[in-house]
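Letters A, B, ... mirror the listed sequences (proteins, then strands); counts begin at 1. Bear in mind that the values here come from a model prediction, so they are computed numbers and not experimental data.
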Number of protein chains: 2
Amino acid sequence: MEQSAGDLLKSKGLRNTAPRRAILTALQGHPHSTASDLERRIGARKSGSSGLSKQGLYNALEVLTNAQLIRCFEPAGSPALYELRVCDNHHHLVCRKCGVLEDVDCHTGVAPCLDPVESKGFAIDEAEITWWGLCAQCQETVAGS
Amino acid sequence: MEQSAGDLLKSKGLRNTAPRRAILTALQGHPHSTASDLERRIGARKSGSSGLSKQGLYNALEVLTNAQLIRCFEPAGSPALYELRVCDNHHHLVCRKCGVLEDVDCHTGVAPCLDPVESKGFAIDEAEITWWGLCAQCQETVAGS
DNA sequence: CCTCAAAACTTGACTGAGTCAACTCTGGTG
DNA sequence: CACCAGAGTTGACTCAGTCAAGTTTTGAGG
């Protein structure tokens, strides 16, 4: 198996606290979670367990993001989504109708995978690509109507 | 000169109302405006003139966006930005530090300008690309500190 | 030019996502 | 095992945007 949440935190020199472990664990198997998804999922663990405060959640998410343990992504019209896949510079496909979201591998795998026509003097470190369209299911719905 | 705001509205079969004309006019020379920028700019016109309500503004922006007279763009961490450039599928460069935003032409000029490695059954109509980095000015600041 | 209904706009209450600030608790080092 | 900086809690607050119900305006037809 992979490293435990605690080991991951240690390997980045971060404190090994229950909320942080809970977030990392809660993200496994739920690749695109909003802050409130996480709040619900963590709060709902076996009764008696913590249930992290909103502020604590945002603090922890920020720390984990800065440490590159998780990645944050904000598609237009949606709250921020957090995911465990990092360092592979993958991109996203979003359905305009139902909002479903899919990961797409990057053709190069390292950021920035793409250069702009002109950089206007910027030092670019990432090219974020979002493809918009209709998912297979919504295409059927539209065609059938 | 270009078509007047009124003519543009007519050409799309939309009603020619003062607020809509005001929005189109206010966007000229202010390529990336938030809803509240627009509210301020329109409200501030010569006294006695309208000053559009918040709801009216959002309604009008939605109509104009649907009619392809303006385009809406939401970079992470910022409210929605509206711009007049449409139909050229251009992209954006954003400074991570100061938030400054630049337009970048698309190398093809038509959407979607780029195909994903795998489309997962989606019918894709747009590839939205955002480059993140540091603008020339912020690079100097960092280097100098 | 006048009328009228649909379309557009206004008002004001409300929501959701995230932030601020002040206080308390705890992990892990000495 | 005591300490304290870093982590978490609480609760008020902001900002961007939405909802719903009522009023005004636009422009097509008489």
Side-chain angles (χ1 to χ4, degrees), chain A residues 4-26 32-43 45 48-67 69-70 72-82 99, chain B residues 4-26 32-43 45 48-67 69-70 72-82 99:
Chain A
S4 76
D7 293 340
L8 278 173
L9 289 167
K10 258 183 268 175
S11 73
K12 295 285 182 173
L14 300 176
R15 282 208 188 169
N16 176 7
T17 70
R20 292 177 183 179
R21 286 192 304 272
I23 290 173
L24 291 174
T25 311
H32 303 116
S33 300
T34 63
S36 46
D37 287 343
L38 290 169
E39 200 170 15
R40 215 170 321 110
R41 213 170 301 132
I42 293 173
R45 317 195 124 231
S49 115
S50 64
L52 177 57
S53 71
K54 183 167 58 155
Q55 189 59 52
L57 177 61
Y58 281 106
N59 288 348
L61 287 171
E62 197 192 338
V63 169
L64 295 174
T65 304
N66 290 340
L69 285 175
I70 62 177
C72 171
F73 159 65
E74 291 181 51
S78 154
L81 298 169
Y82 295 89
Chain B
S4 77
D7 293 339
L8 278 173
L9 289 166
K10 257 183 268 173
S11 74
K12 295 282 183 176
L14 299 176
R15 283 205 186 174
N16 177 8
T17 70
R20 293 177 183 179
R21 287 192 304 271
I23 291 173
L24 291 174
T25 311
H32 303 116
S33 300
T34 64
S36 47
D37 287 343
L38 289 169
E39 200 171 14
R40 213 172 324 110
R41 210 168 306 130
I42 293 173
R45 315 194 128 232
S49 114
S50 65
L52 178 57
S53 71
K54 182 163 60 150
Q55 188 60 53
L57 177 61
Y58 281 106
N59 288 348
L61 287 171
E62 197 193 337
V63 169
L64 294 174
T65 304
N66 290 338
L69 286 176
I70 62 178
C72 170
F73 159 65
E74 292 180 50
S78 154
L81 298 169
Y82 295 88

Integer-rounded Å distance: [N] [atom2] and [X] [atom1]:
{"X": "K12(B)", "N": "dA7(C)", "atom1": "NZ", "atom2": "P", "value": "19 Å"}
{"X": "E74(A)", "N": "dG16(C)", "atom1": "CD", "atom2": "P", "value": "18 Å"}
{"X": "L38(A)", "N": "dA17(C)", "atom1": "CG", "atom2": "P", "value": "12 Å"}
{"X": "L57(B)", "N": "dT11(C)", "atom1": "CG", "atom2": "C1'", "value": "15 Å"}
{"X": "N59(A)", "N": "dA22(C)", "atom1": "CG", "atom2": "P", "value": "16 Å"}
{"X": "E39(A)", "N": "dA17(C)", "atom1": "CD", "atom2": "P", "value": "10 Å"}
{"X": "Y82(A)", "N": "dG18(C)", "atom1": "OH", "atom2": "P", "value": "6 Å"}
{"X": "K54(B)", "N": "dC19(D)", "atom1": "NZ", "atom2": "C1'", "value": "11 Å"}

Side chain of [X] - closest among [options]:
{"X": "L52(A)", "options": "dT18(D), dT10(C), dG8(D)", "value": "dG8(D)"}
{"X": "Q55(B)", "options": "dG17(D), dT18(D), dA7(D)", "value": "dT18(D)"}
{"X": "P19(A)", "options": "dA17(C), dG17(D), dG8(D)", "value": "dG8(D)"}
{"X": "R20(B)", "options": "dA17(C), dT9(D), dA8(C)", "value": "dA8(C)"}
{"X": "Y58(A)", "options": "dC9(C), dT10(D), dA17(C)", "value": "dA17(C)"}

Reported OG-to-NZ distance for the pair S4(B) and K10(B), which is rounded to 0.5 angstrom: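 Spacing of OG (S4(B)) from NZ (K10(B)) equals 7.0 Å.
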
Base, backbone or nothing for each nucleotide of nucleotides 25-30 of chain D, written B, S, -, heavy atoms under 4.0 angstrom, 5' to 3'? BBS---

With nearest nucleotide decided by heavy atoms, which residue, P79(A) or V63(B), maps closer to the 5′ end of DNA chain C? V63(B)

Any donor and acceptor pair, going by atom type alone, linking the side chain of T34(B) with main-chain N or O of D37(B) inside 3.5 Å?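 Looks like yes, one N/O pair under 3.5 Å.
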
Does R20(A) use its side chain to pair, donor to acceptor, with the backbone of A60(A) at less than 3.5 Å? no

5'-most contact on DNA chain D (nearest-nucleotide basis), S36(B) vs A60(A), goes to A60(A)

Using the closest heavy atom to pick a nucleotide of DNA chain D for each, name whichever of G56(A) or A35(B) lands nearer the 5' end.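 Result: G56(A).
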
Are side-chain heavy atoms of [X] and [Y] found at a separation under 4.5 Å?
{"X": "E62(A)", "Y": "T65(A)", "value": "no"}
{"X": "N59(B)", "Y": "Q55(B)", "value": "yes"}
{"X": "L69(A)", "Y": "L9(A)", "value": "yes"}
{"X": "C72(A)", "Y": "L61(A)", "value": "no"}

